[in-house]
Amino acid sequence: MGASSSPKLSGMQKQVLSLYRGFLRAARTKSAEDRHKIESIVSGEFRRNSKQVDRKNFLYIEYLLRRGQKQLDQLKSPDTVGLSSLNVSVSETIDSKP
């Protein structure tokens, strides 16, 4: 019904959506407080990357997918209680060299 009228998604777009849904599912297995933190971090990261990453930069998107899958695998572990975010810009890494 409605699915036929929506635009077709590329394979990479499907992978990104699947990864996002995976994070949300994994967050449901954590405590309520941790769940909200995880959902906030995941939502922010995906939103930021959707705005900052060029849609045609397939190599970088594939890198982000692999990194995200590794983080998701760690989050699914029962020993993991939360998720953190690290923001490092290219200019910060260049400026910090001696």
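Numbers for residues simply follow the sequence, beginning at 1. Being a predicted model, the structure only gives us computed values, none of them experimental.
Side-chain contact between D54 and Y60: absent, with no pair of heavy atoms (C-beta onward) separated by less than 4.5 Å. Contact of the L19 side chain with the Q15 side chain is not registered, since no non-hydrogen atoms from C-beta on lie closer than 4.5 Å.
Distance check: Q71 CD to Q69 CD gives 10.0 Å after rounding to the nearest 0.5 Å. Note that CZ of F46 and CG of L17 are 8.5 Å apart. Values are rounded to the nearest 0.5 Å. Rounding to the nearest 0.5 angstrom, the gap separating the CD1 atom in I41 from the NE2 atom in H36 is 13.5 Å. In this structure, CG on D73 lies 9.5 Å from CG on L75, to the nearest 0.5 angstrom.
When the side chains of ILVMFWY residues are joined at heavy-atom separations under 4.5 Å, either directly or via intervening members, F58 and L64 end up in a single hydrophobic cluster. In the hydrophobic clustering of ILVMFWY residues, with side-chain heavy atoms under 4.5 Å counting as a link, L9 and I61 come out apart. Connection of L65 to L24 is established within a shared hydrophobic cluster, with ILVMFWY side chains joined at heavy-atom distances below 4.5 Å, either directly or through further cluster members. Residues M12 and V53 share a single hydrophobic cluster, defined by chaining ILVMFWY side chains whose heavy atoms lie under 4.5 Å apart. Residues V42 and Y63 share a hydrophobic cluster, clusters being chains of Ile/Leu/Val/Met/Phe/Trp/Tyr side chains in contact below 4.5 Å.
A donor-acceptor pair under 3.5 Å links the side-chain atoms of Q13 to the main chain of S10, judged by distance alone. With hydrogens and angles ignored, the 3.5 Å screen pairs no side-chain donor or acceptor of D34 with any backbone N or O of K30.
If you look at F23 and Y20, their ring centroids are not closer than 6.0 Å.
A side-chain donor from one of R47 and S43 sits under 3.5 Å from a side-chain acceptor of the other.
Of all the heavy atoms in L72 and A26, the pair that sits closest is CD1-CB, 3.8 Å.
Around the CD atom of Q52, the shell of radius 6.0 Å holds more than 12 heavy atoms that belong to other residues, nucleotides or ligands.
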